[in-house]
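Working notes for the structure below.
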Amino acid sequence: MKKLRSSRLIMALVIAPGVIAAVLLSFALWAVVQFNIVIAVAIALGLSAIIALAVYLISDKGISFDEEKFYIKDGREYFYHDIDGIKVKTSEYDYRRYKAIVVDGEEVCIFDDHYSNAKEFRAILEKHGFTVPSDNRMMN
């Protein structure tokens, strides 16, 4: 069974700035403390661990799918014939476009073209008769 997850690039764009900020903070603390670099490094490592843990906990756990059905992160499973439609929506905070799968009038999950295995998931959806629009505004 394959999973549809957030791409590593997106995750790296969140983790890298946080780690860089923690390292910069550690150097600022080192300048203040001067000779007590062990404390500054421990603080930087702790902040980096907290940031990495927070990103892991709030990140999308993905959609598992096979040829017959798909599973969303809270454990619910849906057959492809249960799908009412697929809508393209725009995120309110970063203006990225994503697709929302609607089952019984409720949006049960979202994904975009940047997820790993997104092309395979799109192919399965199209095989089951759904037109999956692109995230790119120029393509629609």
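Just so you know, these numbers use all the heavy atoms, side chains as well, and skip hydrogens, waters and symmetry mates.
- Under the rule for a side chain to side chain contact (heavy atoms under 4.5 Å, CB included), the partners of Phe79 that lie at least two apart in sequence or sit in another chain are Lys69, His81, Asp82.
- Between Gly18 and Ile51, the shortest heavy-atom distance links the atoms O-CD1, 3.3 Å.
- In Phe130, the CZ atom is crowded: over 12 heavy atoms of neighbouring residues, nucleotides or ligands sit closer than 6.0 Å.
- Screening residues 125-134 for salt bridge (charged side-chain N to carboxylate O under 4.0 Å, His left out), with sequence neighbours left out, gives Glu67-Lys127.
- Under the rule for a side chain to side chain contact (heavy atoms under 4.5 Å, CB included), the partners of Ala44 that lie at least two apart in sequence or sit in another chain are Ser26.
- For Tyr80, the side-chain hydrogen bond (donor to acceptor under 3.5 Å, both in side chains) test picks out no residue, with sequence neighbours left out.
- Between atom CD1 of residue Ile101 and atom CD1 of residue Ile72 there is a gap of 9.5 Å, rounded to the nearest 0.5 Å.
- With sequence neighbours excluded, the residues satisfying side chain to side chain contact (heavy atoms under 4.5 Å, CB included) with Ile43 are Leu29, Ile39, Leu47.
- The salt bridge (Lys or Arg N to Asp or Glu O under 4.0 Å) search around Lys119 returns none, not counting sequence neighbours.
- Residue Ile20 belongs to a hydrophobic cluster whose other members are Leu24, with links defined by side-chain heavy atoms closer than 4.5 Å.
- Shown here are the ring pair (Phe, Tyr, Trp, His ring centres under 6.0 Å) partners of Phe121, two or more places apart in sequence or in another chain: Phe65, Phe111.
- Between Asn117 atom CG and Ile124 atom CD1 the span is 9.5 Å, to the nearest 0.5 Å.
- Residue Cys109 holds its SG atom at 11.5 Å from NZ of Lys99, rounded to the nearest 0.5 Å.
- Here the shortest heavy-atom pairing between Ser48 and Val19 reads OG-CG1, 4.1 Å.
- Residues forming a side chain to side chain contact (heavy atoms under 4.5 Å, CB included) with Glu68 (at least two apart in sequence, or on another chain): Asp66.
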(request) Decide yes or no on side-chain contact (heavy atoms from CB on, under 4.5 Å) for Tyr78 and Ile83, but give the supporting numbers first. (result) CA-CA 8 Å; Tyr78 298 99; Ile83 298 174; 5.8 Å; no
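- Proximity of Phe70 to Leu125: side-chain heavy atoms (C-beta onward) are nowhere separated by under 4.5 Å.
- Counting heavy atoms from C-beta outward, Glu107 and Lys87 have side chains that approach closer than 4.5 Å.
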